[in-house]
Amino acid sequence: MSDANALGKAQLADSVIPAGADPYALFDEWFALAQDSEPNDANAMALATATPEGRPSVRMVLLKGHGPQEAAESEQGGFTFFTNTGSRKGGEIRANMHASLLFHWKSLRRQIRIEGPLIEVTPQRADAYFHSRAFASQVGSAASDQSRELPQRRDYLDRVKALWTQHEAAGEVPRPAHWTGFTVRPERIEFWIDRENRLHDRRAFTRTDAGWTDTLLYP
């Protein structure tokens with residue numbers, strides 16, 4: 001059998017990403033697989049933001065809520081994360097309320113890309129999540145001027161110690177006003193699966209006024 005015929009035989013199957021699927025339900029299916037197979041942080045995702053001038057930056061954050069009903073602030077659901085808005089990403093978010101997310105699950109050899117505008121969660125939602133974290137995590141977040149220059153690590157640790165002493169009896173730290181969450185309201189969700197010989201499988205779902213449409217993409 002020629003190499004070309006062998007290649008074709010290996011790729012006879014059609015796309016394994018179903019046409020007409022509900023992208024939220026499909027995300028749930030893949031996310032459940034990732035939670036079973038990834039060694040840690042299956043909810044880790046790359047968050048890309050940009051300045052109004054189009055200068056991008058990217059970092060890893062954690063998904064803390066998702067689905068068609070996610071966040072009352074978003075009529076059509078989305079994908080939620082939390083952050084310090086005094087940080088570089090926070091400044092970019094405030095100036096340009098759009099973002100892209102990327103999940104890469106190496107154990108599954110799958111990726112999901114999500115793009116759309118950002119909607120801020122309510123103060124009540126931010127309070128609830130902040131205080132669901134361990135006390136030590138609350139202290140660490142409240143003590144941090146995230147992304148700003150730190151003359152020496154001791155300065156940060158001194159802040160941590162002071163806040164710990166001040167709030168240990170209460171068992172929680174007041175949520176800083178600059179610490180909140182955002183929901184990406186997806187306009188496009190793309191699912192990617194590794195296939196043999198780099199003949200990968202990609203399907204993009206795009207939101208319209210009538211619902212979701214989808215199409216296969218060349219790899």
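Start at 1 with the first residue, then count along the sequence.
- Between Arg88 and Ser57, the shortest heavy-atom contact is NH2-CB, 3.5 Å.
- By the side chain to side chain donor-acceptor pair (under 3.5 Å) test, Arg202 pairs with Glu190, sequence neighbours left out.
- Legend: residues meeting side-chain contact (heavy atoms from CB on, under 4.5 Å) with Ala143, ordered by chain and number and at least two apart, are Tyr156, Arg159, Val160, Leu163.
- Using cut-offs of 30° and 60° on the angle between ring planes, the pair His66 and Phe31 is perpendicular.
- By the 6.0 Å contact criterion, CZ on Arg113 is open, its count of non-hydrogen atoms from other residues, nucleotides or ligands being 12 or less.
- Note: Phe191 and Trp30 have perpendicular aromatic rings, judged against thresholds of 30 and 60 degrees for the angle between ring planes.
- A donor-acceptor distance shorter than 3.5 angstrom exists from the side chain of His131 to the backbone of Val173, with no hydrogens or angles considered.
- Under the side chain to side chain donor-acceptor pair (under 3.5 Å) criterion, Ser107 pairs with Ser37, Glu38, sequence neighbours left out.
- Follow the hydrophobic side-chain contacts under 4.5 Å out from Leu33 and you reach Ile17 in the same cluster.
- Side-chain polar atoms of Arg148 and Ser87 form no donor-acceptor pair below 3.5 angstrom.
- With no hydrogens or angles considered, no side-chain donor-acceptor pair links Gln146 and Ser144 at under 3.5 Å.
- Sorted by first and then second residue, the ring-ring contact (aromatic ring centres under 6.0 Å, His included) pairs with a member in residues 93-120 read Phe27-Phe103, Phe103-Trp105; sequence neighbours excluded.
- Taken from CD1 in Ile112 to CG in Leu26, the straight-line distance is 6.5 Å, to the nearest 0.5 Å.
- Contact of the Glu187 side chain with the Ile114 side chain is not registered, since no non-hydrogen atoms from C-beta on lie closer than 4.5 Å.
- At a threshold of 4.5 Å between side-chain heavy atoms, the hydrophobic network of Ile, Leu, Val, Met, Phe, Trp and Tyr places Leu101 and Met97 in one connected group.
- In this structure, the side chains of Thr85 and Arg94 come closer than 4.5 Å at one or more pairs of heavy atoms.
- Following chains of ILVMFWY side-chain contacts shorter than 4.5 Å, one cannot reach Trp192 starting from Leu108, and the two form parts of different hydrophobic clusters.
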Show the atom names and distances, to 0.1 Å, of all donor-acceptor pairs under 3.5 Å that link a side chain in residues 40-49 to residues at least two apart or in another chain.
residue: Asn43; atom: ND2; partner: Leu63; partner atom: O; Å: 3.0
residue: Thr49; atom: OG1; partner: Arg59; partner atom: NH1; Å: 3.1
residue: Thr49; atom: OG1; partner: Arg59; partner atom: NH2; Å: 3.4
residue: Thr49; atom: OG1; partner: Glu92; partner atom: OE1; Å: 2.5

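- No continuous path of ILVMFWY side-chain contacts below 4.5 Å connects Phe182 to Met60, so the two sit in separate hydrophobic clusters.
- No hydrogens or angles considered: nothing links the side chains of Thr213 and Thr208 as a donor-acceptor pair under 3.5 Å.
- For residues 160-180, the set of pairs meeting the salt bridge (charged side-chain N to carboxylate O under 4.0 Å, His left out) definition, not counting sequence neighbours, comprises Asp127-Arg175.
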